[in-house]
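Quick notes on the structure that follows.
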Amino acid sequence: MAEVKLEVSWKKRLVEEFEKDYMKSLRAFLQAEKQAGKVIYPQGSEYFKAFELTPFDQVKVVILGQDPYHGPDQAHGLCFSVRQAIKTPPSLVNMYKELEQDLGISPANHGNLEHWGKQGVLLLNSVLTVEQGKAASHQGRGWEQFTDEVIARLNAERQGIVFILWGSYAQRKGSFIDTQKHMVIKSVHPSPLSAHRGFFGSRPFSKTNAYLQQQGLPPIDWQLPTL
């Protein structure tokens with residue numbers, strides 16, 4: 001565990017996961033892929049970037065994604081987010097459109113969502129790595145079990161979190177969340193293939209802030225800084 005760069009509040013809760021067989025197999029798989037010359041995204045120091053930005057006790061919102069982006073220099077450990085100089089991906093463009101319709105916030109000139117993460121929005125992919133150019137290439141290797149444990153810990157040990165589940169994949173993964181303790185927001189995925197079937201007009205950002213304020217918590221400032 002000394003090698004794992006995981007924020008201390010998460011490390012305390014997840015330390016046992018790293019000693020389980022599935023995680024040992026996952027580690028061996030990733031090492032073999034790299035030794036074979038394959039390019040893995042994001043870089044190793046950013047596998048757990050979402051946890052670094054959003055410690056366990058500071059999580060107010062969870063946005064659940066699926067896999068990291070598989071293009072060069074896109075993925076940096078936060079679902080839906082890309083590095084500052086990279087073109088904003090289509091799903092995030094649609095998120096910005098809905099944000100403008102919902103709260104009147106103009107689209108940012110970049111796709112870096114770290115500002116959200118620092119406020120308590122855990123931007124969690126179900127699978128934390130991917131091979132360059134091959135979408136979903138690391139599914140079924142063990143990451144899903146790890147991130148299931150992340151969600152289970154938040155579900156059990158915290159109260160009043162907003163879980164945003166876009167698309168059937170995220171909704172299946174979050175199906176066990178206790179809706180008596182937490183708020184679950186569901187809609188279709190913001191991808192161009194589905195956004196017009198119920199993502200647009202779903203108002204997830206204002207619903208999230210209204211719920212947080214009901215809990216006596218400050219709302220999320222969804223306005224990203226201009227870069």
Side-chain angles (χ1 to χ4, degrees), residues 1 4-18 23 42 45-68 75-81 92 95 99 102-103 112-128 143-167 169-187 190 202-225:
M1 266 301 286
V4 177
K5 301 294 190 291
L6 190 58
E7 190 277 330
V8 62
S9 67
W10 286 106
K11 195 170 185 177
K12 180 172 68 173
R13 290 170 172 85
L14 300 171
V15 60
E16 294 179 359
E17 296 302 301
F18 288 88
M23 187 59 82
S45 62
E46 294 178 325
Y47 288 0
F48 302 108
K49 179 77 170 181
F51 304 94
E52 178 186 323
L53 289 180
T54 318
F56 183 85
D57 293 325
Q58 295 177 29
V59 175
K60 296 158 67 175
V61 182
V62 178
I63 296 180
L64 189 59
Q66 191 163 345
D67 296 271
H76 64 131
L78 310 176
C79 73
F80 294 105
S81 180
L92 184 52
M95 288 163 59
L99 184 57
D102 190 2
L103 290 173
N112 188 316
L113 304 181
E114 290 186 21
H115 178 65
W116 295 358
K118 292 173 182 176
Q119 295 179 75
V121 182
L122 182 66
L123 295 160
L124 180 67
N125 273 318
S126 176
V127 177
L128 301 188
W143 281 126
E144 294 94 338
Q145 188 170 338
F146 178 78
T147 51
D148 280 349
E149 181 64 18
V150 169
I151 297 168
R153 288 285 182 152
L154 289 168
N155 181 55
E157 297 181 31
R158 294 285 313 282
Q159 188 153 341
I161 292 174
V162 180
F163 289 88
I164 298 178
L165 309 178
W166 289 324
Y169 182 94
Q171 289 165 24
R172 286 193 302 271
K173 189 171 180 71
S175 60
F176 65 87
I177 294 166
D178 185 350
T179 55
Q180 299 301 309
K181 291 175 62 181
H182 306 285
M183 181 180 192
V184 176
I185 294 175
K186 299 179 184 179
S187 81
S202 62
R203 308 196 66 187
F205 306 103
S206 61
K207 288 176 181 176
T208 293
N209 280 352
Y211 180 79
L212 292 175
Q213 290 175 299
Q214 288 171 11
Q215 310 296 309
L217 297 170
I220 303 298
D221 172 20
W222 298 105
Q223 176 76 68
L224 294 167

- Message: Among residues at least two apart in sequence or on other chains, which ones pass side chain to side chain donor-acceptor pair (under 3.5 Å) with Glu144?
- Response: none

- Task: For residues Trp116 and Trp222, report the shortest heavy-atom separation together with the two atoms involved.
- Result: NE1-O, 3.1 Å

- Item | Where Asn112 and Ser81 come nearest, the two heavy atoms and their spacing | CA-OG, 3.5 Å

- Message: Test your reading of the model: is there a side-chain donor-acceptor pair from Gln159 to the backbone of Lys181, 3.5 Å cut-off?
- Response: no

- Message: Please enumerate all residues that pass side chain to side chain donor-acceptor pair (under 3.5 Å) together with Gln119, with sequence neighbours excluded.
- Response: His115

- Which residues share a side chain to side chain contact (heavy atoms under 4.5 Å, CB included) with Asp148, sequence neighbours left out: Lys173

- Run the side-chain contact (heavy atoms from CB on, under 4.5 Å) check on Val162 and Lys207 step by step: do they pass? CA-CA 9 Å; Val162 180; Lys207 288 176 181 176; over 6 Å; no

- Task: Please collect all salt bridge (charged side-chain N to carboxylate O under 4.0 Å, His left out) contacts where either partner lies in residues 150-164, sequence neighbours excluded, each pair once.
- Result: Arg13-Glu157, Glu149-Arg153, Arg153-Glu157

- Does Asp67 have any side chain to side chain donor-acceptor pair (under 3.5 Å) partners at least two apart in sequence or in another chain, and if so, which? Gln139

- Message: Do Leu154 and Leu122 make a side-chain contact, defined as non-hydrogen atoms from C-beta onward lying under 4.5 Å apart?
- Response: yes

- Message: How close do Ala75 and Pro42 get, counting heavy atoms only, and between which atoms?
- Response: O-CB, 3.6 Å

- Message: Is the shortest side-chain heavy-atom distance between Leu113 and Leu224 below 4.5 Å?
- Response: yes

- Query: Can you name the residues that form a side chain to side chain contact (heavy atoms under 4.5 Å, CB included) with Pro219, not counting sequence neighbours?
  - Reply: Asn209, Gln213

- Query: Given the side-chain rings of Phe80 and Trp166, with only the six-membered ring counted for Trp, is the space between their centroids under 6.0 Å?
  - Reply: yes

- Tell me, please, which residues at least two apart from Gln58 pass side chain to side chain contact (heavy atoms under 4.5 Å, CB included). Pro55

- What residues form a side chain to side chain donor-acceptor pair (under 3.5 Å) with Trp143, not counting sequence neighbours? Thr129

- Heavy-atom side-chain contact between Val121 and Thr208 under 4.5 Å: no

- What distance do Ile164 atom CD1 and Ile63 atom CD1 have between them, rounded to the nearest 0.5 Å? 4.5 Å

- Query: Less than 4.5 Å apart, any side-chain heavy atom of Met95 and any of Pro204?
  - Reply: no

- Query: If every non-hydrogen atom of Thr54 is compared with every non-hydrogen atom of Gly117, which pair is closest and at what distance?
  - Reply: OG1-O, 2.8 Å

- What pair of heavy atoms forms the shortest contact from Val59 to Ile161, and how long is it? O-CG1, 3.8 Å

- Leu6 vs Phe18 side-chain heavy atoms within contact, under 4.5 Å: yes

- Measure from the side-chain N and O atoms of Asp178 to the backbone N and O of Ala156, and report whether any donor-acceptor pair falls under 3.5 Å. no

- Note on the structure: Taken in chain and number order and not counting sequence neighbours, the residues that satisfy side chain to side chain contact (heavy atoms under 4.5 Å, CB included) with Gln145 are Tyr22

- Which residues share a ring-ring contact (aromatic ring centres under 6.0 Å, His included) with Trp10, sequence neighbours left out: Phe51, Phe56

- Message: If the condition is ring-ring contact (aromatic ring centres under 6.0 Å, His included), which residues does Phe163 pass it with, not counting sequence neighbours?
- Response: His182

- Stepwise side-chain contact (heavy atoms from CB on, under 4.5 Å) check, Leu124 with Cys79: CA-CA 6 Å; Leu124 180 67; Cys79 73; 5.6 Å; no

- Minimum heavy-atom distance Leu64-Ser126, with the two atoms named: CD1-N, 4.5 Å

- Task: Apply salt bridge (charged side-chain N to carboxylate O under 4.0 Å, His left out) to Glu17 and list each qualifying residue two or more places apart in sequence or on a separate chain.
- Result: Lys20

